[in-house]
Amino acid sequence: MSRAPVIHPLWLRMTHWINALAVLVMVTSGWKIYNASPIFHFSFPDGITFGGWLGGALLWHFFAMWVLIGNGLIYLGLNLASGRLKRKFFPISPRAVLTETLAAIKGKLSHANLSNYNQPQKLAYLFIIVDTLLLVLSGLAVWKSVQFPLLRELMGGYDNARIVHFAAMSALVAVVTIHVVMVALVPRTLLLMIRGR
Amino acid sequence: MFKPKRIQLLDEPAVVKAALQALPQPSRRLFLQRGLSLGGLALLTGCTLTDEDSAEQALMRVSRFNDKVQAWLFDPNKLAPTYPESMITRPFPFNAYYGIEDVPKVDGSRYVLELSGMIADKRPWTLEQLHRLPQVSQVTRHICVEGWSAIGKWGGVPFATFLKRIGADLTAKYVGFKCADDYYTSIDMPTALHPQTQLTLTYDGQTLPAQYGYPMKLRIPTKLGYKNPKHITAIYVTNVYPGGYWEDQGYNWFGGS
Ligand code: HEM
């Protein structure tokens, strides 16, 4: 029996799942930190936050931060060096994203060849990469507002950097939610992301 | 704003457990107990309640590593932004680990600032003597660990001036503070010598009001609120890590930007 070719190399699967875990810890501990002084007129239900109290959430947040950044650099570095980034995510065009999204809604998008990402998928993953970068940079502006004056001013000052950080988190959570729903709809992709083939 | 409770660390494990379950607010161990009891996440992180201590130790070790990274990042010449007086937040928020009704009432006429540790001239200072030193003022943003911030105007003596005046060993690692409200904290020497770090005697041109730290506080625009001790009664210079009230419970020791 000949084995199917590897679609997701081991390093990609590992960085993906490590990242998923780091993001989960960062987001849920971040909600606890947000609750200590909400920017808007709502708080996150305590049950879905992580860390127990503000001090615990901060410890987790500033621990998972290293995992997210280290793992993210490995992911980006290997993706760029191997040329995989270009191969997997490009070309991408607004028109194709639109037509394929409409096809998906009508249930007419083919999932026969899972070695290529479809256009909305490419957009979603590229968005996740860029948005995570924005999350890290705005977080850095909140954490080190004195040491990184340029970053602070780009974010519109300390208080505004908090809002940027929050908005980037919200966008990430929204896109990842869609991402996970899509995986549930095409479960074979999950097998791919675990076994590689 | 938070409504912190006084925390008591008891030794008897059973009592601790019972007490912790009863306590609604910050407690050194509660965060992990609650955190890890999030079933799914606990499984994913490979932690169980029995690993509570090692998880806590690991987190604290990372936090101390983060102290080192932040000390390395800290540029003593980078200044915190200053603002026009028109941007001062009014009223400026009160914050402490207790409610405003428990603010200590310090008698200024009897007040002495005690000095100890690696300091050449350990003679205590009266409030009057502190006021006779050259005074400066600055309008800066106070940033709380909880996330909120507020702009205020503080006046007093550049802390570096004071440290040199008393012959503090400027090569020591830490400067520690003890306060009239039983609060305590400590900072790194580079931050103590930062040009904006100020031994503060006034707020908004007035004698420092009780709720903002009468008779004297340390104002550090490059640090979070819990590293800006109020009602300081003793200052010491040391190479032995002194910790702090919140820091000992898990807040990051460097605690600044
Ligand atoms: C339990 C949650 C998650 C599941 C089940 C999951 C599942 C998957 C699967 C199955 C794929 C491959 C899709 C395919 O081959 O067509 C994938 C790719 C991807 N996922 Fe997730 N994922 C999760 C969480 C996350 C999170 C939290 C993030 C980011 C914040 C994320 C970002 C990505 C990215 C960027 C890719 C593309 C990776 C690449 O090809 O370079 N995922 N995910």
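Predicted model, so just to flag it, every value in this text is computed and none were measured. To find a chain, count down the sequence lines: A is the first, B the second, and so on, and within it residues start at 1.
When heavy atoms are compared at a cutoff of 4.5 Å, B:Ile143 approaches chain A solely by way of its side chain, counted from C-beta outward. For B:Tyr226, no part lies near chain A; criterion is any non-hydrogen pair under 4.5 Å. Using a 4.5 Å cut-off between heavy atoms, A:Phe62 contacts chain B through both its backbone and its side chain. Only the side chain of B:Asn66 has a heavy atom closer than 4.5 Å to any heavy atom of chain A. For a residue to count as touching a neighbouring chain, one of its non-hydrogen atoms must lie under 4.5 Å from one of that chain's; by this rule B:Phe74 touches chain A with backbone and side chain alike.
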* Please walk me through it: do B:Leu79 and A:Val146 pass side chain to side chain contact (heavy atoms under 4.5 Å, CB included)? -> CA-CA 7 Å; B:Leu79 297 182; A:Val146 176; over 6 Å; no

* CA sep, side-chain torsions, deciding dist, call: B:Val62, A:Trp60, side chain to side chain contact (heavy atoms under 4.5 Å, CB included) -> CA-CA 9 Å; B:Val62 172; A:Trp60 282 107; over 6 Å; no

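Scanning both residues, A:Asp159 and B:Ser149, for their nearest heavy atoms gives OD1-OG, 2.9 Å. Smallest separation of non-hydrogen atoms from A:Leu58 and B:Val145: CD1-CG2, 3.4 Å.
Residue A:Lys144 holds its NZ atom at 3.5 Å from CD of B:Gln70, rounded to the nearest 0.5 Å.
Remark: the backbone N or O of A:Phe148 is not paired with any side-chain donor or acceptor of B:Lys78 at under 3.5 angstrom.
Most heavy-atom pairs under 4.5 Å with chain A: of the set B:Ala80, B:Pro81, B:Ser63, this distinction falls to B:Pro81.
For A:Trp53 and B:Tyr251, the ring centers sit closer than 6.0 Å to each other.
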